[in-house]
Each structure stands twice: as structure tokens, then as C-alpha cells.
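All heavy atoms count here, side chains included; hydrogens, waters and symmetry mates do not.
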Amino acid sequence: IDEDDFKEEQNSVARLIQMLYNDDPEEMFKIIGIVRKHILTGGPKRLPFTVPALVFSCLKLVRQLQGQEENPFGDDTATTPKKIFQLLNQTIEALLTVPAPELSLRLYLQCAEAANDCDLEPVAYEFFTQAYILYEEEISDSKAQVTALHLIIGTLQRMHVFGVENRDTLTHKATGYSAKLLKKPDQCRAVYACSHLFWVDDQENMKDGERVLLCLKRALRIANAAQQMANAARGSTGSVTLFVEILNKYLYFFEKGNPQITVSTIQGLLELITTEMQSESTSPDPSADAFLASTMRYIQFQKQKGGAVGEKYESIKV
């Protein structure tokens, strides 16, 4: 069978799995169990098409049960989110035979988010652990690592179910991975993305201004190192894009009221960018110039806006 025809056929099977539905959760769980038995015999070529469809069908059932009281009749045979998550764990494991680590990692993170919405901390932690193991042991391509890491950071940022200890463990791991990426610009972007793990807007107990500042300072050091390496290798330091991206992060946290981000830190960064742009070794980059001009316009706009935000920006000199 032709490769394109095979893909088309498998996509149709995946669509069919998505169409199966029953109002009664017990019946739906039985349907999922039967479908799972059939698709797991499909072999490594079919699994990457059929497993995601089954996973999302299970997650749909989890959402359906979410609002209901957990096992109201104390019936051991009743379908509960916990039971579905156990089935999901076993189902995604089947992808390891393919192997399809990037796909498995995405599915584990989707399940972690669903477990978070069900307030099942141990389950969410287990899914994150599986995703981290895959990242460490199976994903070696540097581009795939960057994509996977940003998915991990983005998902972790949305989690509210973790206690202090579990969250610290997962956050510490993610920041560690960021600093170990191969290319300096990738390292820098992942490290400043981690700053959002320490400051979650709608959660008062997750606003650690000091650790946000540490992430941003570390990102600046990496951006500096990237400039020096480019200078040593090519005789020019490349563009100032990374510095402008970091400046935007500083402005974001400044606006959100992080006490560690002061006017003088922003001022210092603005001066650094201006000096870098005037330097002989900086290669011209129209997109970086446009990005900086747009950032400057934003600062001016906020100044003119008045009110509390305008007052904050008033003392920034541009």
C-alpha cells in the first residue's frame, strides 16, 4: 500500500475513534477499552495515528466526569477519572515501542493538564515524571529538545495542583534542562521562559520576584556569552535580538508589579542595548532594529496612558 494512502487510511481510523460516543460514562469506558484492545495490535506504524485519537477520547470522558462527585455510591467498579488516567498511562506507554518520544511527551503533558483540572496531584506529577524521563533519555535532537522544553515550561506554568515541594522539584528540573541546551540563543530563550514559572499572575502564593530576577539575569549572561562566542568565531557579535527579547520580559514583570524589577534595571538594559547597537562589531539586523523601535514605542505609549501604569513608566528615560 502506498505511503500516502496508508496515512489517509489511518487518519480515517483516528476520525472514527473520535466519533464514538455514549452519554453513559460506564458504557463509554467499555467502548474505549474495546477500541484500545484492537488498536494496540496495530503495530508500530499505525500507533502514532491511532493512540492520540484514543487518548483524546479518554480525556473527553475525564472532562465529562470532572464535575461529578467522585464515586458517589462507593462502587468499586464505577468509572472514575483516576481509572481513566491509569488506562491512559498504559496506552501512551505503547508508543515507546514505535518509538515516538516527542509524541508521547506531548500526550503525557496533555494528561498532566487534565489531572491538574481534576485536582489529582499524584497523577499529574506521575505524568510529568514520565515526560521528563522521555526528555532525558529519548529526545537527543537539539531542535526537538527546544520544542519539548518549551512545551514542558508552558504546561508547568498552567499547573495549580502542585504543592510547594513537587512544584519546586519540577521547576528546578526545567530550569536545569534550559541551561543545558546546545545553542546559546536556545539556552537564553528557555531560561527567560522559566521566569514565568516563578510568577503566575492569578496565584498569589506563586509570586517569587527574586527568582524571576535570577532567571532574567542568567538569561542576560547567556546572551552576553552568545555575543562573545559569535565575535570570536565570526568577527561580529551578531544582532541584539536576544537583549531586546529580555528587555520585553523585564517590562512584562515590571508592569505586573514585581518589586525586584526596578526602573534602574530597565534603564541599565536600555543603555546596554544602545551601546551594543553602536558597537563596530554588531552586524546590522533590520528585524532587531524594528523590534527595538516597537518596544520603545510601547514604553512611550504606556507613559502617555496615565493612571497607575503611566506613573510607573514615567521615570524610564528613552
Side-chain angles (χ1 to χ4, degrees), residues 4-73 75-131 133-134 138 147-148 151-152 154-156 158-159 161:
D4 286 343
D5 289 346
F6 174 76
K7 282 183 179 170
E8 187 52 49
E9 180 189 87
Q10 291 311 304
N11 283 327
S12 299
V13 175
R15 277 199 292 275
L16 176 66
I17 294 169
Q18 294 279 18
M19 285 171 168
L20 300 171
Y21 179 73
N22 194 304
D23 275 334
D24 179 1
E26 302 297 327
E27 288 303 312
M28 188 62 203
F29 191 59
K30 281 179 195 161
I31 293 169
I32 285 170
I34 294 163
V35 171
R36 179 177 177 273
K37 206 155 69 182
H38 284 290
I39 68 166
L40 290 188
T41 58
K45 277 191 82 175
R46 291 185 175 87
L47 289 176
F49 293 92
T50 50
V51 166
L54 186 66
V55 166
F56 283 101
S57 198
C58 288
L59 290 177
K60 213 189 292 179
L61 181 56
V62 168
R63 304 273 182 217
Q64 198 182 328
L65 290 167
Q66 211 176 301
Q68 296 176 11
E69 195 183 322
E70 177 95 8
N71 209 349
F73 307 113
D75 178 4
D76 284 345
T77 58
T79 303
T80 62
K82 216 177 254 179
K83 252 191 194 167
I84 302 168
F85 284 127
Q86 284 164 1
L87 185 81
L88 279 165
N89 216 336
Q90 295 156 13
T91 307
I92 300 171
E93 266 173 22
L95 282 175
L96 300 181
T97 58
V98 175
E102 287 116 347
L103 176 60
S104 303
L105 182 131
R106 282 171 185 269
L107 294 174
Y108 278 134
L109 291 176
Q110 287 282 354
C111 293
E113 215 169 328
N116 173 70
D117 295 340
C118 294
D119 282 329
L120 294 170
E121 182 181 7
V123 178
Y125 190 82
E126 177 56 29
F127 282 124
F128 254 99
T129 307
Q130 295 302 331
I133 291 168
L134 280 178
E138 304 289 337
T147 307
L151 282 170
I152 286 171
T155 309
L156 190 50
R158 291 192 294 274
M159 306 296 276
V161 75

From CG (L65) to NZ (K83), nearest 0.5 Å: 11.0 Å
Parallel, tilted or perpendicular: ring planes of F127 versus Y108, cut at 30 and 60 degrees: tilted
Note, K82 side chain near C118 side chain (heavy atom, < 4.5 Å): no
Any L59 side-chain heavy atom under 4.5 Å of F85 side chain: yes
Distance-only side-chain donor-acceptor flag, Q90 / Q86, under 3.5 Å: no
Worked verdict on R15 versus E8 for salt bridge (charged side-chain N to carboxylate O under 4.0 Å, His left out): CA-CA 11 Å; R15 277 199 292 275; E8 187 52 49; 3.6 Å; yes
Worked check of side-chain contact (heavy atoms from CB on, under 4.5 Å) between C58 and T91: CA-CA 10 Å; C58 288; T91 307; 5.9 Å; no
Minimum heavy-atom distance N22-D24, with the two atoms named: OD1-N, 2.9 Å
Which atom of E138 lies closest to which atom of P101, heavy atoms considered: CB-CB, 3.5 Å
Which residues share a side chain to side chain donor-acceptor pair (under 3.5 Å) with Q10, sequence neighbours left out: none
Interatomic distance, L103 atom CG to I92 atom CD1 [nearest 0.5 angstrom]: 8.5 Å
Shortest non-hydrogen separation from P52 to L47 and the atoms involved: CD-O, 3.7 Å
Within-4.5 Å side-chain heavy-atom neighbours: Q110 and V55: no
I152 vs L109 side-chain heavy atoms within contact, under 4.5 Å: yes
Closest non-hydrogen atom pair between T79 and P25, with its separation: OG1-O, 4.1 Å
N/O donor-acceptor pair under 3.5 Å between N11 side chain and K7 backbone: yes
side-chain contact (heavy atoms from CB on, under 4.5 Å) between L54 and I32, intermediate numbers included: CA-CA 7 Å; L54 186 66; I32 285 170; 3.9 Å; yes
Where A131 and L105 come nearest, the two heavy atoms and their spacing: O-CD1, 3.3 Å
Approximate separation, where rounding is to 0.5 Å, of R36 CZ and F29 CZ: 9.0 Å
Point-to-point distance, once rounded to the nearest 0.5 Å, from SG of C111 to CG of L120: 12.0 Å
Sidechain-backbone polar pair: Q64 side chain, D23 backbone, donor-acceptor under 3.5 Å: yes
Heavy-atom side-chain proximity of Q130 to N89 below 4.5 angstrom: yes
Within-4.5 Å side-chain heavy-atom neighbours: F49 and V13: no
Separation of I84 CD1 from K60 NZ (nearest 0.5 Å): 13.0 Å
Smallest separation among heavy atoms of P44 and T97, with atom names: CB-O, 4.4 Å
Close side-chain approach of L95 to L107, heavy-atom, < 4.5 Å: yes
Point-to-point distance, once rounded to the nearest 0.5 Å, from CD1 of I31 to CE of M28: 5.5 Å
Backbone of L151 reached by a side-chain donor or acceptor of T155 within 3.5 Å: yes
Neighbour count above 12 (heavy atom, 6.0 Å) for R106 CZ: no
Q66 side chain near D117 side chain, heavy-atom distance below 4.5 Å: yes
